[in-house]
Amino acid sequence: MYSIRLSGIELRDPFVIASGIVPDVPEYMARVCQEFSPSAITTKTFTLNPLEPHKPPTLVKISDGCFLNAIGLGNPGIKVMGSMEVPCNLFVSVGGSSLEEIVETAIIGEGKASLIEINLSSPNRRGYGADTAKFVREIVKEVKGKVRKPIFVKLGPWDNVVDLAGKALEGGADGLTLINTVKGMKLDVDAGKPVLSYGTGGVSGRCIHPLAVRVIGEVYSEYSAQIIGTGGVFSWEDAMELFLAGATAVGVGSAILERGFEVLNELRVGLTAFMEEKGINLSDVIGMAVRK
Amino acid sequence: MYSIRLSGIELRDPFVIASGIVPDVPEYMARVCQEFSPSAITTKTFTLNPLEPHKPPTLVKISDGCFLNAIGLGNPGIKVMGSMEVPCNLFVSVGGSSLEEIVETAIIGEGKASLIEINLSSPNRRGYGADTAKFVREIVKEVKGKVRKPIFVKLGPWDNVVDLAGKALEGGADGLTLINTVKGMKLDVDAGKPVLSYGTGGVSGRCIHPLAVRVIGEVYSEYSAQIIGTGGVFSWEDAMELFLAGATAVGVGSAILERGFEVLNELRVGLTAFMEEKGINLSDVIGMAVRK
Amino acid sequence: MIRSKVVEYSEVGKSHRIVFTFQGRRPLPGQFIALILPGEKEIPLGVTDYNDSTIEVYVDSPKLFKRILSSRYVVLEGPFGKPIPMGNTLGVATEDLFHDVLFPLREAKRKGFEASLECWGSCGADFPHREGVKWDVVVASVPREMLDKLPRSTMVYVRWVNMNCMAGVCGVCQVNGNLACVDGPFLELRKIVA
Amino acid sequence: MIRSKVVEYSEVGKSHRIVFTFQGRRPLPGQFIALILPGEKEIPLGVTDYNDSTIEVYVDSPKLFKRILSSRYVVLEGPFGKPIPMGNTLGVATEDLFHDVLFPLREAKRKGFEASLECWGSCGADFPHREGVKWDVVVASVPREMLDKLPRSTMVYVRWVNMNCMAGVCGVCQVNGNLACVDGPFLELRKIVA
C-alpha cells in the first residue's frame, strides 16, 4: 500500500534516511540496515578525495527539534565505497568543487548505488555545495552521460530553486531532493562569537519544515518531478505534508539525531494507519495539495 | 546604559515592537504605550488606500514559538493616521504596489512618525512587498527626496539580501530592518490542503532566529549599517545574538503573540542584568561577533 | 495548531456540547479557542470547561457540529483572550447563551468561591449557593440589545464582533478601542457601551 | 544547547566534581554530555549523577575546571550515547577513572539492585553490598592497556576515541565498526578488542 517506485527503484516504504546522518562506517551502516530496515540509506556526501571536516564544534541543537551543523562535507573520499558491503539500497550522495570532480565521484559511486544524489546545496564549504549549483544543468548532463543509475539533485531552499530545479531536469535529472539546510548562525552571548567553529552552519529539523513544504510544492506544481522531500520530518503528519506537496519519498534526518532510528518505524506505523483509515494509497496523495 | 540612538532618535531601550503586531486601533495603541512603554511601536504596514486582509485563517501557530501568517498587508489606508494620537515613538511601516504609492504613503505617514520603515519584503501579497524589492534603490531615493524623517528599509532573508541592502543604502536609507518572515506553507493532512486561506504564508518566531542572526551578520559586516534586528527574539539572549551580529535595536514580534507585551520587560530586565554583570554598554557589543 | 479529537458529545437544548482532547496550554475561565477549518475559516468557541487535557465547548451550528463529528480530528488554536478574575461569581445569561458563563462559574466553585447562574429563560445548569453573597465578579452573555439590563460593572461576553485573526493583529475584533479577542471576550460593560 | 550554571563543586583526588544546572532531557546511566567551548571545541564528559535538573560530572583538566568556574555559564549538549541496562551492577575502575562508573552504580542502588565498586587503587567512593551477588552488569573504566584484565562481557567506557561530532554523524568515534558516541560510551569488551 505504501511501497513506492522512485525512478524505477522499488522501495518497500517511502522513508529513506537523509544524507549526513549515517556515518561512512560500513559495519555500522550494515547494522542500521539490518536492525531498522530503512528503504534506503543516503550516504554522507562523498568527494573524490578525502576532505577534513571542519573543526568542532560542528553540530549543536539550537531549539526543540532544530539543529545547526557545519561538518563541511568531511569524508574519506569516494574510493572507500569500493569495499563497502551494505545490505540495503544506498543512495550515494556525491559532491565536489568542479564539474569534473563531481562526475568522477559519481562514476565511482555508481558501483554500490541504487541512486546517485548530487549534492549541490551544502551551505558549509566554500567552493563546494551551494557554490556549484549554478552549473547544475551542465553537471547533471555530464553525469547522466557517464552513469546509468538514476540521478537526483539536492537543492537548497533558495529564491531561484524552481529555476535551478528546471535546469536540473533539463540536464536529465531523474528527480530532485528538496531541501538542504538553511544557512544560519548561532552566537554565544557570553563569548560574543559563533558557537560553530565554521561560523555559520545549516539549520535543519522542525524549523525548516514549513519552508520544505513550500519549496517542494512550488517545484512539484511546476514540473511534476519525482522528489525526495527532506526537511524536518518528525512525525507521519510532517511526512504527509511533504507527500501532499509533491514528494514521492521522504528523507528523515534530524528526527533520527533526536530520537534514534526507531523513529522510522513510528513513521511507517503512523502513515499506514492513516492511509488504511482513509482507504487511500500514497500515490493518490502525492502533490494533491498543490496540483493546479 | 542601554538607551540607544537609532538614526538620531533617542530610544530609552533597544526593544521596539515589530510591525504587524499592534493593530491600527489608536486607543489600543495608546494603551500599549502607556502600560508597557515600548521604546517604539512599529505600525502595521500601511498602504495608500485601504487593503482587505486575506480571508481567515490568516495566522496559525505551527510549532513552539513559530507562527505562520498571511494577513496580506490588510490595512485601512495611511490616511487613518491623521487622527492617530499615540504617546510613544511610532515607526510607521509603509508599503505599496508601486514606487509612487510608496512615496505618497510615506509622505502622509511622516506626520506622526519618528521613523519610516519601508516594507519591501512581505511574502504575502503579490505585487506588494517582496515583489517591489528590486526597485529598492529608486524607491528609497524618491522617499528620501520627499521625507525628512529617518528611512529604514525592511528586507527579507533572501539570497541577494546583502546586495539589496547595499542598494537601499546607496539610495540613501538611514538603516535596514532585517529580517521579514520566511515564505513557508502548512498543509492539513486530513483536508489535504493549505491551512491558511492564502496557501503560503510567512514563518516568524523561533524558527527563523538563526537565519536572522546570519543575515544581520552578513549585512552588518559588509556595510556597518544601522539595523533594526527582527526574527524570533523571545529572550534577552536571543536579542543579544542580534546585537552581536550588528543590530542597533531589536524588534519583538512573535514573542508578544505568544506571551503578551510583558515580554518587553523581561527582555529589558535580562539585558540590563547581563550588561551590568559584564560591565559593558550595548554599543560595545554591536556587531562584535562579525566585525572583520 | 492543536490536532484534537472528539472525546464525548451531547445535545444541550439547541446547542451541542463537545469535549475535545487538547494538547495545548491550559485555558483559564474567560478565554476562548478557535476552530480552524483549513483554508476556509476560523470559528471562535468559548471554553466551557477544561479537565486534564480535555476541553469542553458548545457548538450552536448543527452543520458545524455534524462536520466536527465526521472529521478524523479538528484543528484548534489558543487559548486566546484574557482570563477573568476569580472570586464569588454571578453569571447572567439567556438560555441559549448560558454556556458562555459556565467555565467562570465552575472554576469559581472549584476554587471554593460561591457561584450562581441567573438565567433569563431555562438554562441547562444551575449552581446552589448561599443567600446574601456579595458577588466579586459578574459575568454575562446576553444578546446585544439586552445589555442595558445589566449592571455597569458586568463583564460581558462580546459575541457580536468578528473574532478572526485571533491574536488581534488585524484589529477586526475592535470594540470602542478595545480588542475583544485580546482583552476579551469578556469586556466590562462600560467599555462596550461607552 | 543547554546553558548551564555551576551549582556546586569540589576536589576529588586529582579530579574536580562539578554539579551543573541542566535543563535538558534526563540523562540515563551510561550516557555522556558534551561541553561546548564556542568556536573552539567540544569536550565529552561522562555523567556521574543526575538529580532534579542538576547534573554531576568530573573534570580532570585543571585548566578546564578553572575556565568553567570563571564563566557565567557553560554550554552543554546531550545527553548522548546509549544507556546501560539496569540490574545488579559491578563497577571496575582505576582510581583516576572511578567516576566513569558512578552513575550506573548509584542508579542501580536507587532502583533496589545491588552495586559494588571494584577499585584498582584507592577510589573516592564505595558501595556496601551483599556477599555472593550475581552481577547482571559489569561496567568498567580502565586504561586501554588494562583491558585484558577484564571479563569479556564487561561494558567498558571507551575513553580513547575522539567523541567530537557527538551524534556520530562524522564517524570519528568509530571503534571496530561501532560508534562509541552513539552505541557507547560503554561498549562490550568483545566489540572493542574484536
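Here is how names work: the chains are called A, B, and so on, in the same order as the sequence lines, proteins then strands, and each is numbered from 1.
- The minimum heavy-atom distance between Glu42(D) and Leu59(A), with the atom names listed, is OE1-O, 4.5 Å.
- Annotation for Lys193(A) and Pro38(D): closest pair CE-O, 3.0 Å, computed over non-hydrogen atoms.
- The shortest heavy-atom contact between Val25(A) and Gln174(D) is CG1-CG, 3.4 Å.
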Inset, instruction - Could you go through the salt bridge (Lys or Arg N to Asp or Glu O under 4.0 Å) check for Asp190(A) and Arg3(D) one step at a time? - result: CA-CA 11 Å; Asp190(A) 199 25; Arg3(D) 286 203 187 88; over 6 Å; no
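- Closest heavy-atom contact between Arg25(D) and Glu258(A): NH2-O, 4.4 Å.
- Using a 4.5 Å cut-off between heavy atoms, Pro194(A) touches chain D through its backbone atoms (N, CA, C, O) alone.
- A 6.0 Å sphere centred on CD of Glu52(A) holds no more than 12 heavy atoms belonging to other residues, nucleotides or ligands.
- A 4.5 Å side-chain heavy-atom check between Val182(D) and Phe261(A) finds every atom pair outside the cut-off.
- Atom CZ of Arg72(D) has more than 12 neighbouring heavy atoms from other residues, nucleotides or ligands inside a 6.0 Å radius.
- Taking a 6.0 Å sphere around NZ of Lys61(A), one finds it holds more than 12 heavy atoms contributed by other residues, nucleotides or ligands.
- Most heavy-atom pairs under 4.5 Å with chain D, from the set Gly74(A), Gly199(A), Pro56(A), Ser63(A): that is Pro56(A).
- Side-chain contact between Val60(A) and Glu77(D) is present, with heavy atoms from C-beta onward closer than 4.5 Å.
- The minimum heavy-atom distance linking Leu179(D) with Pro23(A) is given by the pair CD1-CG, 3.4 Å.
- Looking at Ile2(D), there are no atoms closer than 4.5 Å to chain A (heavy atoms on both sides), in backbone or side chain.
- Of the two parts of Leu196(A), only the backbone, made up of N, CA, C and O, holds a non-hydrogen atom closer than 4.5 Å to a non-hydrogen atom of chain D.
- Within 6.0 Å of atom OH in Tyr9(D), 12 or fewer heavy atoms from other residues, nucleotides or ligands are found, so the atom counts as exposed in its surroundings.
- When the candidates Pro53(A), Gly20(A), Ala191(A) are compared by the number of heavy-atom contacts under 4.5 Å with chain D, Gly20(A) comes out ahead.
- Nearest approach of Asp188(A) to Val75(D), heavy atoms of both residues: OD1-CG2, 3.4 Å.
- In this structure, Arg110(D) places its CZ atom where more than 12 heavy-atom neighbours from other residues, nucleotides or ligands lie under 6.0 Å away.
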